[in-house]
Amino acid sequence: MPGPAPTPGTAPGGTTVEHAAEKKPSSIERIQRLERLERERLDDKARKEERRRQVIAGAKPSGGRHDLVDRIEQVTKYPMAAAGLAWLVIGIVVVTTDLRGSASIALVGTLFALWVIVLAEYLMRLVITPDRRGYLRRRWVEPATVVLPPLQGWHLIGIEKMSLLVREGQLRLALILRHHSLFRVLIAAAGTLVIGAWLVLLFEENARGSNIHSYPSALWWAIVTVTTVGYGDRYPVSAGGRIVAAVLMLVGIGLIGVLTATVASVFVKEHTDASREEYRKGHADLGQQLSVISDRLADVERRLGATPDELAAPDAAADAGAAAHEPPGPDQGAAGT
C-alpha cells in the first residue's frame with residue numbers, strides 16, 4: 001500500500017519545514033564563520049591603529065588662548081624658519097673660516113642673538129598656552145628646534161605633524177628590530193665587533209710591520225671589516241690578527257644578509273596585509289551571495305513540503321491553458337465531419 005502523503009508541514013523523509021529551513025549546508029556555515037572572524041580581526045586592528053594615532057597626536061583643544069597660540073605660530077613660522085636658516089649659514093661660516101677680531105665676535109654674537117630670538121618665541125607660546133602639559137605632549141619634538149635652530153623649518157610642515165611622523169618612525173624602527181629578533185642579532189654583532197677589535201689589537205700592537213697600535217684604530221678596522229667595505233688603511237699582518245679578520249668577515253656577511261632579509265620581510269608583511277584586506281572584501285561579497293543561495297534553497301525545501309495535490313495543481317492549470325489554445329488535430333477534424 002502506498003504510504004501516507006506528507007502533511008503540509010512536513011518535508012520528504014519526515015523532516016519538518018521549519019527544521020529544513022533552519023538547516024544550512026556545512027560548507028556555507030564554515031565560509032561565513034571564517035569571513036566573520038577575519039572581518040572582526042581586521043576591524044579590531046583598525047580600531048587599535050586609530051586609538052594609537054589618537055594617543056600619539058592627542059586631542060588638540062581650541063578656543064581662548066589656544067587660538068591665540070595658534071595665531072602666534074602662524075605669524076612667526078616663516079620668520080623663525082628664516083632665522084634658523086640664517087643661523088645655519090652663519091654657523092658654517094664661523095666653523096669653516098678662520099676669522100679673527102671684530103668679524104669673529106660679530107658673527108658669534110649674531111648666532112647667539114638668533115638663538116635667543118628662537119628661544120623667546122618658544123617660551124612666549126609656552127607661557128600663553130593654558131595647557132602646558134598637553135601642549136608639550138602633542139609637540140614633544142619642538143624643544144629640538146630650539147636647541148638646533150636650523151630645525152625651525154619643521155614649523156612649515158607643522159610641529160604636531162612632525163611629532164606624529166617621528167613617532168611613527170620610532171614605531172616602525174621598533175617593529176623592524178623586534179622582527180625575527182633582529183635586535184638580539186645586532187647586539188651579538190656589536191659584541192663581536194668590540195671583542196674582535198680588542199683581540200686584533202693584542203695580536204697587532206707589537207707585531208712587526210703592523211699599522212694597528214691603538215684601540216680606536218683597531219675599532220675602525222673592525223667596523224670597516226664587518227661592513228665588508230675593506231677601506232685598506234688598516235690591516236692585520238700577524239697570523240692571529242688574520243684569523244680574527246676572517247671571523248669578522250664571516251660575521252659581516254651574515255649581518256648584512258640578516259639586515260636585508262629582515263627589512264624585506266617587514267615590507268612583504270605590509271604588502272600581504274594590504275592584499276588580505278582586498279581578499280576580505282571579496283570574501284564578504286562571496287559570503288553574501290552564498291547566503292542568498294542558502295535562502296533560496298531553504299525556500300525550495302519549503303515548497304517541496306507541499307502535498308502532491310498542491311504540487312500537481314499548477315501543472316494541471318498549465319496543461320488546461322495549453323489545451324485551450326492548442327489547434328485541433330487530424331482526428332478531431334475527422335470526427336467533426
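- Using a distance-only test at 3.5 Å, with no hydrogens or angles considered, no donor-acceptor pair links the side chain of Thr129 to the main chain of Arg132.
- Between Ile187 and Arg184 the shortest side-chain heavy-atom distance does not fall below 4.5 Å.
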Side-chain donor-acceptor contacts of residues 190-197 below 3.5 Å, not counting sequence neighbours, with atom names and distances?
{"from": "Thr192", "atom 1": "OG1", "to": "Ala188", "atom 2": "O", "distance (Å)": "2.8"}

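- Listed for the Arg234 side chain is no donor-acceptor partner under 3.5 Å among the backbone atoms of Ala218.
- Residues Leu165 and Ile159 share a single hydrophobic cluster, defined by chaining ILVMFWY side chains whose heavy atoms lie under 4.5 Å apart.
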Return all side-chain donor-acceptor pairs below 3.5 angstrom for residues 108-119, not counting sequence neighbours, or 'none' if the list is empty.
{"from": "Thr110", "atom 1": "OG1", "to": "Ala106", "atom 2": "O", "distance (Å)": "2.8"}
{"from": "Trp115", "atom 1": "NE1", "to": "Val146", "atom 2": "O", "distance (Å)": "2.9"}

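- The cluster map of Ile, Leu, Val, Met, Phe, Trp and Tyr, joined by side-chain heavy atoms under 4.5 Å apart, puts Val247 and Val200 in different clusters.
- Ion pair Arg137/Glu160 not flagged as a salt bridge, since none of the NZ, NE, NH1 or NH2 atoms sits closer than 4.0 Å to an Asp/Glu carboxylate oxygen.
- Listed by first then second residue, pairs satisfying side chain to side chain donor-acceptor pair (under 3.5 Å) with a partner in residues 80-97 number zero, not counting sequence neighbours.
- Using a 3.5 Å distance cut-off with no hydrogens or angles, the side chains of Arg125 and Tyr135 do pair a donor with an acceptor.
- In this structure the side chain of His213 never reaches within 4.5 angstrom of the side chain of Glu204, judged on heavy atoms.
- The backbone N or O of Gln152 lies less than 3.5 Å from no partner atom in the side chain of Thr145, so there is not a single donor-acceptor pair.
- Of the inter-residue distances, the one linking Ser238 atom OG with Glu205 atom CD reads 11.5 Å to the nearest 0.5 angstrom.
- Leu248 and Tyr215 fall within the same hydrophobic cluster, where Ile, Leu, Val, Met, Phe, Trp and Tyr residues are linked whenever their side-chain heavy atoms come under 4.5 Å apart, directly or through other members.
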I would like to know whether Leu136 and Trp140 meet side chain to side chain contact (heavy atoms under 4.5 Å, CB included); could you show each step before the answer? CA-CA 5 Å; Leu136 291 173; Trp140 61 274; over 6 Å; no
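- With rounding to the nearest 0.5 angstrom, the CG atom of Leu126 is 10.0 Å from the CZ atom of Arg139.
- For the pair Phe203 and Ser210, the minimum side-chain heavy-atom distance is 4.5 Å or more.
- Checking side-chain atoms of Thr225 against main-chain N and O of Trp221 turns up a donor-acceptor pair under 3.5 Å.
- Taken from CG in Leu151 to CG in Leu88, the straight-line distance is 9.5 Å, to the nearest 0.5 Å.
- Considering all non-hydrogen atoms of both residues, Val237 and Gly209 come closest at CG1-O, 3.8 Å.
- One distance of note links OG of Ser214 with CG of Leu201; it measures 7.0 Å at 0.5 Å rounding.
- Side-chain atoms of Arg167 and Gln170 form a donor-acceptor pair, as typed in the model, at a separation below 3.5 Å.
- Between Lys77 and Glu121 the shortest side-chain heavy-atom distance does not fall below 4.5 Å.
- In this structure, the separation between CG on Leu219 and CH2 on Trp198 is 14.5 Å, given to the nearest 0.5 Å.
- Leu186 and Ile223 fall within the same hydrophobic cluster, defined by Ile, Leu, Val, Met, Phe, Trp and Tyr side-chain heavy atoms under 4.5 Å apart, directly or through other members.
- A distance of 9.0 Å separates CG in Asp233 from CD1 in Ile212, rounded to the nearest 0.5 Å.
- Cluster membership check: Ile243 does not share its hydrophobic cluster with Val226, using side-chain heavy-atom separations under 4.5 Å among Ile, Leu, Val, Met, Phe, Trp and Tyr.
- Across every non-hydrogen atom of Val141 and Ser163, the tightest pair is CG2-OG, 3.2 Å.
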